[in-house]
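Notes follow the structure.
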Number of protein chains: 2
Amino acid sequence: MPRPKSQDKRSAIIDAATRVIVSQGLSAPTALIAKEAGIANGSLFTYFATKTELYNQLYLELKTEMARTAIKNMPADGNPRDRLFTAWQNWTTWSTKYPDKRKAMGQLAVCDEITAETRAAGHRAMQPIVGLLEEIRANGSMSKVPMPFVGGLMNSIAEATMDYMAQDPKKAKEHAKVGFEALWRLIS
Amino acid sequence: MPRPKSQDKRSAIIDAATRVIVSQGLSAPTALIAKEAGIANGSLFTYFATKTELYNQLYLELKTEMARTAIKNMPADGNPRDRLFTAWQNWTTWSTKYPDKRKAMGQLAVCDEITAETRAAGHRAMQPIVGLLEEIRANGSMSKVPMPFVGGLMNSIAEATMDYMAQDPKKAKEHAKVGFEALWRLIS
DNA sequence: AATAGTTGTCTGGCTAGACAGTCATTTTTG
DNA sequence: CAAAAATGACTGTCTAGCCAGACAACTATT
């Protein structure tokens, strides 16, 4: 048996890429990512065949982590508003706790190297939240509006809220609340 | 007297860049933009010193055109809701009429070559709409929320609405209405 | 326990291709 | 013909990905 491929190094590359993307943008050289990860530039390609694949996997990993965090510790019972609020808090808290991850994800989301499949998988990760949203929408003023549209609106409000939270971190919690009330007024 | 620098060619480059960015992304070679504009690649640099400068000017031009279009034919009188709705319609209609311009602008907005100055100028172009929004917000449930935050929310809702309109153009007008009602519920 | 064999990982110098911007020259215009 | 615009071949630079060799981990054989 050969030396096993180190899982640690994979994570190191993923983390390094996140940091480097934030500071240098998506056009950052792979050599820099490798250096930041503490490996030789050639080694990067034993973990990810191409730069594009690295970016796709990174995007999906970030999105999945975000979605998982959002629905963590969410009780199955309780009224929908409280449940959505819990998710909202988890979501926005994550974004202030890991601003780099959010920034990198934002860059990647826009980049055209991210395939449709990756995007679809990312969307799937968000499914639990969308399901919750659907439940709430059914009795509200948006009951007739197509679900993807409502989902897009929620996402965009979350995005705007997190942007503002990042800009004025001291009042982050307060801004999160405002964003949630705005969302609630929209869908209920 | 020398030959005057052709304004037509400048526009041709701007238009070409818009199209090329949409189809090839921001990393498209300048040579391709020049070819698409019907000029030699070297000539591009008599109009724009660098690629970055081209992108900055393009971004600002698009943003300004969008903002100008939004407030076109808007009567100074009339109730605020109607006035905002007019702007909203102008805005969203422009985005469906010139999808490429919107797409290119979206790419540029995220790109880190766009300077803070350019962004500030773009923001200034949106001032009339923000002013209208401020007036409305003052008597609504967001009267205590910082104006930049409210502005960001409006923008993000517009973005989500235009995205959905672009995806389902047949019902574009309907979707625009839904988006506006959502916005109105938010700020009033 | 020592050795050899096997297999896949890791390395970093290297290269082929791409691309922004230059510049000597040509063309256009007043 | 003067002065500026337009041209396109060219160049210096940068970088994704390659590859040949070094190395680590483990097994089989003695």
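All values derive from a computational prediction rather than experimental measurement. First the proteins, then the strands, lettered A, B, ... as listed; each starts at 1. Just the heavy atoms: all of them, side chains too, but no hydrogens, waters or symmetry mates, feed the values below.
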[X] [atom1] - [N] [atom2] separation (whole Å):
{"X": "Ile33(A)", "N": "dG12(C)", "atom1": "CD1", "atom2": "P", "value": "17 Å"}
{"X": "Gln24(A)", "N": "dC14(D)", "atom1": "CD", "atom2": "P", "value": "13 Å"}
{"X": "Asp8(A)", "N": "dT9(C)", "atom1": "CG", "atom2": "P", "value": "16 Å"}
{"X": "Ile39(A)", "N": "dA16(D)", "atom1": "CD1", "atom2": "P", "value": "13 Å"}
{"X": "Asn41(A)", "N": "dC14(D)", "atom1": "CG", "atom2": "P", "value": "16 Å"}
{"X": "Lys9(B)", "N": "dA4(D)", "atom1": "NZ", "atom2": "P", "value": "17 Å"}

*Output the rest of the hydrophobic cluster of Val110(A): all Ile, Leu, Val, Met, Phe, Trp and Tyr residues reachable through side-chain heavy-atom contacts under 4.5 Å, sorted by chain and number.*
Val110(B)

*With heavy atoms under 4.0 Å as the rule, sort Leu44(B) into base, sugar-phosphate or nothing.*
nothing

*For Tyr47(A), answer base if it contacts any base atom (sugar-phosphate contacts may also be present), sugar-phosphate if it contacts only those atoms, and nothing otherwise; contact means non-hydrogen atoms under 4.0 Å.*
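If one applies the 4.0 Å heavy-atom cut-off, Tyr47(A) turns out to touch the sugar-phosphate alone, with no base involved.
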
*Those residues that, when tested against Thr96(A), pass side chain to side chain donor-acceptor pair (under 3.5 Å) (two or more places apart)*: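 For Thr96(A), no residue satisfies side chain to side chain donor-acceptor pair (under 3.5 Å) once neighbours in sequence are set aside.
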
*Please list, chain by chain and in numerical order, all residues satisfying side chain to side chain donor-acceptor pair (under 3.5 Å) with Lys101(B), sequence neighbours excluded.*
Glu65(B)

_I need the residues from residues 12-20 of chain A with at least one non-hydrogen atom less than 4.0 Å from DNA chain C; give them sorted by number, or say none._
none

*Residues from residues 52-59 of chain A sitting under 4.0 Å of DNA chain C, heavy atoms only?*
none

_Main chain of Glu113(B), side chain of Asn56(B): is a donor-acceptor contact present, judged purely on distance under 3.5 Å?_
yes

_Check: Lys171(B) and Met165(B) side chains under 4.5 Å, non-hydrogen atoms_ = no

Which residues share a ring pair (Phe, Tyr, Trp, His ring centres under 6.0 Å) with [X], sequence neighbours left out:
{"X": "Tyr59(A)", "answer": "none"}
{"X": "Phe45(A)", "answer": "none"}
{"X": "Phe85(A)", "answer": "Phe180(A)"}

_Does dC10(C) have OP1 or OP2 under 4.0 Å away from a side-chain N or O of Thr46(A)?_
yes

*For Arg10(A), all residues meeting salt bridge (charged side-chain N to carboxylate O under 4.0 Å, His left out), sequence neighbours excluded*: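 Partners of Arg10(A) under the salt bridge (charged side-chain N to carboxylate O under 4.0 Å, His left out) test: Glu61(A).
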
Pick out the pairs of N or O atoms, protein on one side and nucleotides 18-20 of chain C on the other, that lie under 3.5 Å.
| unit_1 | atom_1 | unit_2 | atom_2 | d |
| --- | --- | --- | --- | --- |
| dA20(C) | OP1 | Lys51(B) | NZ | 2.8 |
| dA20(C) | OP2 | Thr30(B) | N | 2.8 |
| dA20(C) | OP2 | Thr30(B) | OG1 | 2.9 |

_By the ring pair (Phe, Tyr, Trp, His ring centres under 6.0 Å) test, which pairs, at least two apart or in different chains, include something from residues 123-172 of chain B?_
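Listed by first then second residue: Phe149(A)-Tyr164(B), Tyr164(A)-Phe149(B), His175(A)-Phe149(B), Tyr164(B)-His175(B).
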
*What residue pairs, at least two apart or across chains, pass side-chain hydrogen bond (donor to acceptor under 3.5 Å, both in side chains) with a residue in residues 150-159 of chain A?*
Arg102(A)-Glu159(A)

